Amino acid sequence: MVVARRTPQRTASSKVMTTRNMIPEKAIIMSGFGINSEMETQEVLVRAGMASDIVHINDLITGRNRLPDYRLLVFPGGFSYGDDTGAGNAYANRVRNNVWEDLTEFLDGDNLVLGICNGFQILANLGLVPAFDKQYNRDIALMPNRGGRLECRFVTLKPAADNLWTRNIERIYCPVAHGEGNFYCSRETLQRLKRQKMITFTYCREDLRPAEGEYPSNPNGSVDDIAGITSEDGKVLGLMPHPERAMEFVNLYDWPLRKERMKREGVAVPTESLNMQLFRNVVEYFR
Amino acid sequence: MTSCVHRIEVHYKLDPRLTTRTDRIRSLGFPVDKLHLIDVYTLATSSRDFNPGELSQIGGQLINPVVQEYTVDKATNGVFDYAIEVGFLPGVTDNVGMTARQTIEDYFSMKFCEGEAVYTSQLFLVCGNLSPSTLQKLASTLANPLVNRVIIMTRQEYGTKGMDPVLPSVCLHELPTAETVNLDLDDRELARLGKEGIISRLTGQRQGPLALDLAQLHVIRDYFQKNGRKPTDVELESLAQTWSEHCKHTIFASAMDDDVPGGLYKTYIQAATNKIRKEKGDKDICVTVFTDNSGSIIFDDHYLVTHKVETHNSPSALDPFGGALTGIVGVNRDTIGFGLGAKPCINFYGYCVGDPDTDPTLYRGKNRANPILSPRQILDGVVRGVGVGGNCSGIPTPQGWCLFDNRYSGKPLVFAGTVGVMPLEHDSRKLYEKQARPGDLVVMAGGRVGKDGIHGATFSSEALDPQSPVTAVQIGDPITQKKFSDVIVREARDLRLYHSITDNGAGGISCSVAEMAKECNGCHVYLDRVPLKYPGMAPWEIWISESQERMTLAVPPEKLDAFMELMQRREVEATVIGTFTDSGRCVVESRGSVVMDVGLDFLHDGLPKKHLKTIYTKKTYPEPCTPCPERLDATLLAMLQRKNLCSKEFISIQYDHTVQGGHVLGPVQGAGRVQADATLTRVVPGSKKGVGLSQGLFPSYSEIDPCLMAGAGIDTAIRGLIAIGVPLDTIAILDNFCWCSSDEPERLGQLKLAARGCYEFATAFGTPFISGKDSMFNDFSGYDAQNNRVKISVPPTLLISSIGIHQDISKAVSLDAKIAGDLVYVIGETSEELGGSEYFAHLGYIGNTVPGLNATVLRVRYRKLTDAISRELIASAYPVSHGGLGTAIAKVAIAGRLGMDLTIPAGTRPDYYLFSESLGRFVVTVAPDNKRAFERIIAPDATLLGRVGGGTLRITSQKFLLDLTLSELETAYKAPFRGY
């Protein structure tokens with residue numbers, strides 16, 4: 001073994017940079033049983049200006065952590081329970097069977113909920129979206145992908161509604177990485193989602209024309225290219241793709257090409273990606 | 001016994017999986033018209049029954065009612081001809097069943113009792129006109145007889161009552177005890193004991209291979225004679241595990257001929273690292289090498305990164321999915337078990353399999369018994385296994401490769417690697433150091449112990465033959481592992497709740513506890529305290545079982561309560577199974593009596609030294625005598641369609657390579673989506689630095705020149721990283737030797753040369769080995785359909801994996817051509833070095849001239865390229881490797897979806913120039929504005945070939961050679977695995 005030659009210093013640069021713009025409200029990011037995107041979700045929120053605690057579902061159940069201490073609840077991506085009994089279903093059961101009352105109270109307050117990928121699957125199984133008339137029924141499903149297996153690739157999204165989540169967003173360009181993201185609901189539900197402008201993001205081509213179900217722009221076969229919807233009251237967003245995994249310019253699939261073009265056009269190369277706007281919108285809501 | 005049995009069947013109202021599933025089954029040649037998939041949950045309880053109301057509540061918990069329906073104790077109806085139900089055999093891990101059980105327990109606030117369970121199975125309802133034998137064959141593609149049970153019914157047999165519920169519960173009645181074993185046998189019997197195992201008193205059957213040879217058995221016999229007693233089966237099995245080739249690497253440790261008295265490992269691998277570290281002095285990048293579960297290098301002032309690559313060949317031959325899955329989650333544990341626990345942050349894979357378009361009919365047993373799996377089945381299984389392991393664990397899998405050669409048909413090679421990240425210190429404690437202390441408690445955390453994986457270590461040290469044990473197969477449970485991985489790396493480690501940790505891999509607790517016992521010099525373990533999946537296991541089975549997802553920790557008594565409380569909160573089962581001591585002995589008790597009491601020195605160092613003899617005969621092969629074709633259009637397209645050169649993107653995209661948010665350069669690049677040779681990942685948020693991974697392997701050179709084969713691997717592994725901008729002095733490498741017939745002097749002769757090549761070229765480049773592994777008997781011996789004996793040996797295979805630290809990821813370079821008008825250069829010389837090349841293989845030849853290697857020259861060249869990249873003078877860079885310059889240029893063009901107009905120098909035969917595999921070369925594109933600055937740095941190594949632009953790739957020499965449209969090129973490159 002070799003002795004470390006340099007003395008480590010414990011400073012997290014990103015935190016130092018952003019603390020002055022931090023809002024006092026805090027987020028709770030759920031973890032446990034195979035959820036796996038909590039760290040990058042925490043990072044992206046810090047950069048947007050919101051501190052958070054990563055809380056194991058069991059600590060919420062036993063009361064070590066309490067929902068009323070938070071204003072934003074995030075179910076991040078992952079493979080809770082290995083997708084057994086349907087993606088997100090077992091974790092949703094765990095939540096519903098143990099902390100349902102606290103959760104509905106949280107939903108009644110002026111709070112936001114965000115579910116990404118596995119988080120969206122959990123929201124769907126909990127009925128937190130679409131939650132028509134605050135009934136929390138399971139009205140939508142995220143079925144296995146049309147291709148029959150997990151697929152990881154970058155997709156382009158465009159906002160399909162004008163709401164707190166989509167402000168100042170022209171497009172999102174970020175990865176999907178799921179085996180069950182094939183959005184499905186009844187025709188009546190779909191009509192109502194459309195009528196009430198709850199469809200928030202849709203898969204589209206790179207030039208923002210609709211994907212019209214075509215692979216790979218629509219990577220999973222989702223009906224009407226739906227990538228994300230909100231609850232009826234707009235405060236809960238479920239989204240299949242992962243903007244938090246592409247928070248920086250260098251995370252984008254085609255960044256080397258973009259950089260080369262920008263360099264030759266004399267344009268400054270950004271450090272952040274446009275996907276950050278989604279998280280800034282969340283923080284702005286509380287500001 | 002469980003008396004209350006209920007069966008819940010779940011199906012989709014409109015199943016989105018069906019089109020693809022049906023297509024895939026049809027593509028395997030089954031005339032299936034329609035298919036229905038039904039998920040079955042069989043509830044078996046004894047202490048309470050569920051009433052119909054409760055059962056439908058349970059059904060509701062197991063579905064999403066928007067798209068699914070369930071039936072309770074009622075067969076799913078429909079139009080079909082056959083029903084095939086695939087479930088698990090007794091004792092096989094049933095992850096979905098466990099989850100369903102937890103949901104039910106939560107819902108009713110109850111707990112299942114001992115013996116109660118939820119079992120899952122899948123029911124396939126098939127429409128189609130299938131003969132009984134086709135039906136059997138279909139069933140065998142849906143199931144693996146080693147882990148699955150299958151029931152087939154016709155529509156008539158199925159009737160209205162459907163399938164019968166099956167409870168795959170393990171019934172073991174006797175409570176076996178430890179037995180003494182008589183070693184006073186003649187050498188023939190003793191050898192048989194070593195090869196086939198101890199005879200069980202209960203069954204009269206051999207217990208499975210010990211893989212101990214006669215010399216080793218003599219030493220063991222003498223040791224116990226000196227102690228005045230006979231060994232127990234626990235002791236013998238334990239010694240067999242600890243001394244196995246898999247654990248002790250006896251072949252690499254043994255003296256060889258007269259010139260390598262210290263053995264290959266010490267003389268060539270370790271010595272290379274020592275020499276390099278000394279030469280680098282202050283700039284040494286190594287932190288921990290060879291001693292821990294992974295090797296590690298400095299990442300920056302605050303962090304280190306670890307890397308380790310394992311193989312899981314034998315299990316993957318028998319059960320590709322399970323073998324590959326346990327391979328990847330197993331090597332994840334080498335990360336969690338590094339130092340005091342590193343966080344797994346990148347997975348890495350590599351597969352060597354037979355051509356998936358072939359289907360050799362070979363059998364492990366006589367009379368067509370125990371057929372081998374087809375290369376296609378193996379490929380599908382291992383691809384899925386590594387995917388499920390990485391995806392479920394939340395570890396990105398950007399980097400990997402897949403190589404085809406029919407010599408891998410008998411035994412595939414499955415490489416699985418993991419990179420970890422860890423702070424160097426926490427609260428002024430060095431996290432990469434660990435030490436169990438006398439008095440610390442031995443704690444096992446994670447999954448329970450069952451009969452799975454018994455004899456894994458000894459088995460993988462042997463060639464696959466009819467005696468290969470079925471219990472060697474395990475099914476992984478990534479979620480159980482994810483639970484303890486999270487709590488250990490994020491919580492317990494920094495709360496200082498333990499002094500040492502290691503993973504349970506080969507040999508189970510027999511190896512992990514005995515290994516940790518070295519840190520304090522002793523251990524005392526109580527086998528009755530080990531939590532079991534089911535009762536009835538013999539003490540030796542508990543001791544050496546390789547049940548997955550377990551770690552062993554040394555917890556000081558004063559921290560035990562805090563540790564256990566934390567584990568409970570995270571629902572990780574943790575049990576104190578003994579104490580670390582300073583007695584100098586490894587003592588094991590079972591039901592009040594000592595069943596093992598062996599000195600640690602004997603256990604770890606008693607292994608008799610071997611002296612191996614080698615022979616090497618240089619082989620020569622015919623050289624091709626075909627003239628260069630007039631035009632090379634068809635040749636280039638054929639080359640791009642070679643399975644070893646074409647796109648295997650179907651693997652890359654089913655592996656999540658973006659989780660953890662560190663994606664910088666991914667597995668496929670450019671608008672045309674070409675697979676990269678190196679990837680770059682950020683592992684510390686906010687850092688400018690990133691981890692580059694690449695690899696090199698050239699088994700097709702092994703039979704020609706093992707030394708240069710090693711050199712090609714090392715150069716290619718390094719060069720992949722240089723191309724993306726990783727500086728040479730941050731690069732470390734790993735060796736994985738997968739050899740064959742290592743009891744034959746000729747094979748050992750090749751091994752010795754390859755190891756010498758490792759020393760020579762690693763020291764010449766200054767890239768230290770930080771970790772390595774070997775697997776020495778990758779041979780298949782069995783029979784063909786006519787009962788003729790068949791042996792298939794893998795080509796001697798050396799995988800060199802590389803890891804390096806990119807200093808500024810915003811300057812990383814991808815492989816795709818970027819902008820029309822850019823200049824195209826080749827860096828490095830091209831010679832007629834086509835021995836073992838893909839081009840010669842395409843022509844049906846092997847040849848004799850493998851690429852030479854002058855690392856001193858290349859070191860300078862690589863530094864220059866790093867300089868050019870750090871000055872942002874390079875628009876794209878791609879290393880020239882398998883398939884030569886021609887395929888490399890084509891890939892750069894395809895990736896950028898941009899044509900090129902190039903002129904190659906006269907002098908060399910054009911086809912040889914384009915497809916020679918000379919080392920040390922890159923294709924780069926450069927903006928015209930950077931021409932002078934680039935050439936000033938790189939000259940005279942770079943040759944300007946032409947420009948990017950136009951819709952076609954045109955190559956001219958003295959005459960016109962080829963002109964192909966981008967879509968022709970892209971179609972060829974992506975054709976072979978379309979539809980996978």
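Keep in mind that this is a model prediction, so the values were computed, not measured. Residue numbering restarts at 1 for every chain, and letters A, B, ... go by the order of the sequence lines.
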K.L.:
For the residue pair B/I653 and A/E151, establish whether any side-chain heavy-atom pair is separated by less than 4.5 Å.
P.N.:
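Sidechains of A/E151 and B/I653: in contact.
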K.L.:
So which heavy atom on A/R149 is nearest to which on B/Y980, and how close?
P.N.:
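So the minimum-distance heavy-atom pair works out to NH2-O, 2.6 Å.
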K.L.:
How long is the gap from CG on A/L252 to NE2 on B/H663, to the nearest 0.5 Å?
P.N.:
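If I round to the nearest 0.5 Å, the distance is 9.0 Å.
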K.L.:
If you tally heavy-atom pairs under 4.5 Å against chain A, which of B/S876, B/G662, B/G661 wins?
P.N.:
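So the answer, after comparing B/S876, B/G662, B/G661, is B/G661.
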K.L.:
For the backbone of B/S810 and the side chain of A/K259, can you confirm whether one donor and one acceptor N or O come within less than 3.5 Å of each other?
P.N.:
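It does hold such a pair.
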K.L.:
On a heavy-atom basis, which atom in B/P16 and which in A/M143 lie closest, and how many Å separate them?
P.N.:
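What the structure gives for the nearest pair is CG-CB, 3.7 Å.
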K.L.:
Ignoring hydrogens, what is the shortest heavy-atom contact between B/S393 and A/N36? Give both atom names and the distance.
P.N.:
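In this case the closest contact between B/S393 and A/N36 is C-ND2, 4.2 Å.
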K.L.:
So which part of B/D822 gets closer than 4.5 Å to some heavy atom of chain A, the side chain, the backbone, both or neither?
P.N.:
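For B/D822, side-chain heavy atoms alone lie under 4.5 Å from chain A.
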K.L.:
Determine yes or no for a side-chain-to-main-chain donor-acceptor pair under 3.5 angstrom, with A/E40 supplying the side chain and B/Q660 the backbone.
P.N.:
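Here the side-chain-to-backbone pair exists.
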K.L.:
How far does CD1 of B/I479 sit from CG of A/D84, to the nearest 0.5 angstrom?
P.N.:
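Reported to 0.5 Å precision, the distance equals 7.5 Å.
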K.L.:
So, do A/E260 and B/I819 sit near enough that their side-chain heavy atoms are less than 4.5 Å apart?
P.N.:
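Contact flag for A/E260/B/I819 side chains = yes.
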K.L.:
Among B/R490, B/M98, B/R17, which has the most heavy-atom pairs under 4.5 Å with chain A?
P.N.:
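Between B/R490, B/M98, B/R17, the count favours B/R490.
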K.L.:
Given the options A/G179, A/S37, A/P175, A/C185, which has more heavy-atom pairs under 4.5 Å with chain B than any of the others?
P.N.:
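Among the listed options, the one with the most contacts to chain B is A/P175.
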K.L.:
Considering non-hydrogen atoms only, spot the tightest contact between A/C152 and B/Y655 and give its length.
P.N.:
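It is CB-O, 3.6 Å.
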K.L.:
Tell me, for B/A812 versus chain A, whether the close heavy atoms (under 4.5 Å) come from the side chain, the backbone, both or neither.
P.N.:
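Answer is both: backbone and side chain atoms of B/A812 are under 4.5 Å from chain A.
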K.L.:
Ion pair present between A/K263 and B/D929, side-chain N to carboxylate O less than 4.0 angstrom?
P.N.:
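Not counted as a salt bridge, because no side-chain N and carboxylate O are separated by less than 4.0 Å.
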K.L.:
Roughly how far, to the nearest 0.5 Å, is the CG atom of A/N93 from the CG atom of B/D106?
P.N.:
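So the CG of B/D106 and the CG of A/N93 are separated by 8.0 Å.
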K.L.:
Report which part of B/V668 has an atom under 4.5 Å of a heavy atom belonging to chain A: side chain, backbone, both, or neither.
P.N.:
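For B/V668, the contact with chain A is made by backbone and side chain together.
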K.L.:
Let me know if B/R384 has heavy atoms under 4.5 Å from chain A in its side chain, its backbone, both or neither.
P.N.:
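When you check distances to chain A, no heavy atom of B/R384 falls under 4.5 Å.
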K.L.:
Heavy-atom pairs under 4.5 Å with chain A are the metric here; pick the option from B/T19, B/D23, B/N391 that has the most.
P.N.:
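Max contact count across the listed options: B/N391.
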K.L.:
To the nearest 0.5 Å, tell me how far A/F33 CZ sits from B/T99 OG1.
P.N.:
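Answer rounded to 0.5 Å: 10.0 Å.
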K.L.:
With side chains defined as the heavy atoms from C-beta onward, is the minimum distance between A/F79 and B/K482 less than 4.5 Å?
P.N.:
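SC-SC contact between A/F79 and B/K482 ruled out.
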K.L.:
Is B/E872 close to chain A through its backbone or its side chain, or both, or neither, when contacts mean heavy atoms under 4.5 Å?
P.N.:
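Both backbone and side chain of B/E872 come within 4.5 Å of chain A.
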K.L.:
Who wins among B/D656, B/V289, B/D39, B/T103 for the most heavy-atom pairs under 4.5 Å with chain A?
P.N.:
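Most pairs with chain A among the choices: B/D656.
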K.L.:
Examine distances only and state if a side-chain atom of A/N58 and a backbone atom of B/R570 form a donor-acceptor pair shorter than 3.5 Å.
P.N.:
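The answer is no, because no donor-acceptor pair under 3.5 Å joins these two groups.
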K.L.:
What option among B/D816, B/I63, B/T120 has the most heavy-atom pairs under 4.5 Å with chain A?
P.N.:
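Ranked by heavy-atom pairs under 4.5 Å with chain A, first place is B/I63.
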K.L.:
To the nearest 0.5 angstrom, please state how far the NZ atom of B/K818 sits from the CZ atom of A/R264.
P.N.:
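Answer rounded to 0.5 Å: 9.0 Å.
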K.L.:
I'd like to know if the side chain of A/Y253 and the backbone of B/V664 have a donor-acceptor N/O pair within less than 3.5 Å.
P.N.:
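Not confirmed, A/Y253 side chain does not pair with B/V664 backbone.
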K.L.:
More than 12 heavy atoms of other residues, nucleotides or ligands under 6.0 Å from NZ of B/K811: is that the case?
P.N.:
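Correct, the count exceeds 12.
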K.L.:
Is the count of non-hydrogen atoms from other residues, nucleotides or ligands lying under 6.0 Å from A/R261 atom CZ greater than 12?
P.N.:
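Count not over threshold, so no.
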K.L.:
Would one find more than 12 heavy atoms of other residues, nucleotides or ligands at under 6.0 Å from atom CD of B/Q568?
P.N.:
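It does not: B/Q568 CD has 12 such atoms or fewer within range.
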K.L.:
Less than 4.5 Å to any heavy atom of chain A: does that hold for the side chain of B/I395, its backbone, both, or neither?
P.N.:
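For B/I395, neither part sits under 4.5 Å from chain A.
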K.L.:
Can you tell me if B/N64 uses its side chain to pair, donor with acceptor, with the backbone of A/I140 under 3.5 Å?
P.N.:
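The answer is yes, because a donor-acceptor pair under 3.5 Å joins these two groups.
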K.L.:
Quick test of your reading of the model: are A/R94 and B/E571 salt-bridged, counting only N-O distances below 4.0 Å?
P.N.:
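Salt bridge flag = yes for B/E571 with A/R94.
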K.L.:
Taking all non-hydrogen atoms of both residues, which atom of A/I35 and which atom of B/D486 are closest, and how far apart?
P.N.:
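Nearest pair, atom of A/I35 first, then B/D486: O-OD2, 4.3 Å.
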K.L.:
Let's test your reading of the structure: which of A/H178, A/H242, A/E244, A/E38 forms the most heavy-atom pairs below 4.5 Å with chain B?
P.N.:
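Ranked by contacts with chain B, first place is A/E38.
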K.L.:
Please examine the side chains of A/H56 and B/K483, heavy atoms only from C-beta on, and report whether any two atoms are closer than 4.5 Å.
P.N.:
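Heavy-atom side-chain distance check fails, nothing below 4.5 Å.
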K.L.:
Which one of A/V250, A/L142, A/N118 has the most heavy-atom pairs closer than 4.5 Å to chain B?
P.N.:
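The answer is A/V250.
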K.L.:
Please identify which of these residues, A/N89, A/N125, A/N97, A/T85, meets the side chain to side chain contact (heavy atoms under 4.5 Å, CB included) condition with B/Q61.
P.N.:
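Among A/N89, A/N125, A/N97, A/T85, the one meeting side chain to side chain contact (heavy atoms under 4.5 Å, CB included) with B/Q61 is A/N97.
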K.L.:
So which part of B/E649 gets closer than 4.5 Å to some heavy atom of chain A, the side chain, the backbone, both or neither?
P.N.:
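For B/E649, the side chain is the part near chain A, not the backbone.
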K.L.:
Looking at A/Y184, A/W255, A/F249, which one has more heavy-atom pairs under 4.5 Å with chain B than the rest?
P.N.:
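Top option by heavy-atom pairs under 4.5 Å: A/W255.
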K.L.:
Got a sec: does the CD of A/E206 have more than 12 other heavy atoms crowding it under 6.0 Å?
P.N.:
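Result for CD/A/E206: open.
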K.L.:
I need the A/L150 CG to B/C392 SG distance, nearest 0.5 Å.
P.N.:
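So the CG of A/L150 and the SG of B/C392 are separated by 9.0 Å.
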K.L.:
Of the backbone (N, CA, C, O) and the side chain (C-beta and beyond), which part of B/R21 lies under 4.5 Å from a heavy atom of chain A, both, or neither?
P.N.:
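Looking at B/R21, nothing touches chain A.
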K.L.:
Taking A/A141, A/A246, A/G34 one by one, which has the highest count of heavy-atom pairs under 4.5 Å against chain B?
P.N.:
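Sorted descending by pairs with chain B, the first entry is A/A141.
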K.L.:
For B/T20 versus A/G148, what's the shortest heavy-atom pair and its separation?
P.N.:
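Of all heavy-atom pairs spanning B/T20 and A/G148, the closest is OG1-N, 3.8 Å.
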